[in-house]
Amino acid sequence: FDTSGAMTANTLGTVNIPWAGAAAGVINLDLGTATGAGGTGVDGITAYATESGASGIDQDGNSTGELTDYQVLQDGTVQGRYSNGESRALAQLVTASFRSLDGLQRRGSSLFSSSISSGDAVIGTPGEGGFGSIQAGNLEASNVDLAREFVSMITIQRGFQGNSRTITTADEMLTEVVSLKR
């Protein structure tokens, strides 16, 4: 290879592969046309005057698959299921702990944020060292007392009806006063 990365010469020919229990195979390596052979030197393999490294790709024998479903495990692992039957970990959910839960600042809509009183969040894996656990596939129950809310709604409704009748009565009285003057 020259300094611009073009292949100047190629001394590799064919490679003979002896297979156990089968006829030998021949592999023709086409690395491109070298500049010494009249080619551009960049229509195949190229390299630069630096150290190089080799890396491998592993193939597990399974066909390609698309993500079809996922599941959250109790340890916070998000596991994906693929159309080829494979399952793989996609992500890891974490939970936070605070020095003082009472010191968290209420933001509304069941949201809280850290404050000086609560201290900074300490992040950890669910199920380990007091970081709680994740109950995947469960629905959190309501924190509202339904009976109390119905009583409150009926009380407010009765109050509205009472105020409405008061206004109606006041209107009737004013109408009577105006008719007395005539």
Side-chain angles (χ1 to χ4, degrees), residues 1-101 103-115 118-143:
F1 296 95
D2 63 16
T3 57
S4 66
M7 182 173 59
T8 58
N10 178 7
T11 59
L12 293 175
T14 59
V15 178
N16 294 316
I17 309 279
W19 300 103
V26 177
I27 297 177
N28 293 317
L29 300 173
D30 183 8
L31 304 177
T33 310
T35 57
T40 62
V42 292
D43 60 341
I45 190 169
T46 58
Y48 293 97
T50 59
E51 290 187 23
S52 63
S55 61
I57 297 175
D58 292 331
Q59 204 331 338
D60 61 7
N62 288 322
S63 62
T64 58
E66 292 184 18
L67 183 64
T68 58
D69 194 16
Y70 66 92
Q71 171 184 3
V72 180
L73 304 178
Q74 285 186 342
D75 67 352
T77 302
V78 179
Q79 188 174 42
R81 284 182 282 228
Y82 293 85
S83 59
N84 63 357
E86 286 289 303
S87 293
R88 295 218 171 129
L90 302 176
Q92 174 70 47
L93 299 177
V94 294
T95 54
S97 179
F98 294 89
R99 183 178 68 236
S100 169
L101 296 178
L104 289 171
Q105 189 172 19
R106 183 179 296 273
R107 295 290 183 186
S109 300
S110 298
L111 299 175
F112 294 88
S113 64
S114 62
S115 69
S118 70
D120 291 332
V122 178
I123 306 297
T125 303
E128 295 179 4
F131 286 104
S133 64
I134 294 178
Q135 297 296 320
N138 291 329
L139 182 62
E140 183 177 341
S142 174
N143 57 2

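No experiment lies behind these values; they were computed from the predicted model shown.
- A distance of 12.0 Å separates CD in Q105 from CG in L111, rounded to the nearest 0.5 Å.
- By the 4.5 Å heavy-atom criterion applied to side chains, Q92 and T77 are counted as neighbours.
- The CD atom of E66 sits 9.0 Å away from atom OG1 of T68, with the distance rounded to the nearest 0.5 Å.
- Taking all atoms of both residues into account, the shortest heavy-atom contact from V26 to T14 is CG1-CB, 3.8 Å.
- Within the model, atoms CD1 of I134 and CG of D75 stand 8.0 Å from one another, a figure rounded to the nearest 0.5 Å.
- When every heavy atom of G39 is checked against every heavy atom of T33, the shortest pair comes out as CA-CG2, 3.4 Å.
- S114 and G119 make their closest contact through CB-O, 3.6 Å (heavy atoms, listed as atom of the first residue, atom of the second, distance).
- The two residues G65 and S83 make their nearest non-hydrogen contact at CA-OG, 3.4 Å.
- L101 CG to S118 OG: the interatomic distance, rounded to the nearest 0.5 Å, is 8.5 Å.
- With hydrogens and angles ignored, the 3.5 Å screen pairs a side-chain donor or acceptor of T95 with a backbone N or O of F131.
- The salt bridge (Lys or Arg N to Asp or Glu O under 4.0 Å) check on D120 picks up nothing, with sequence neighbours excluded.
- Heavy-atom minimum distance, T35 versus A6: CG2-CB, 4.3 Å.
- Distance check, rounded to the nearest 0.5 Å: CD of Q74 to OG of S133 gives 6.0 Å.
- Between R88 and Q79 the shortest side-chain heavy-atom distance does not fall below 4.5 Å.
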- Task: Test side-chain contact (heavy atoms from CB on, under 4.5 Å) on Y82 and T64 and set out the steps.
- Result: CA-CA 9 Å; Y82 293 85; T64 58; over 6 Å; no
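- Remark: the backbone N or O of S63 is paired with a side-chain donor or acceptor of N84 at under 3.5 angstrom.
- When the shell of 6.0 Å around OH of Y70 is examined, it contains 12 or fewer heavy atoms from other residues, nucleotides or ligands.
- Rounding to the nearest 0.5 Å gives a distance of 10.5 Å between OG1 of T125 and CG of L93.
- The shortest heavy-atom contact between P18 and N16 is CD-O, 3.6 Å.
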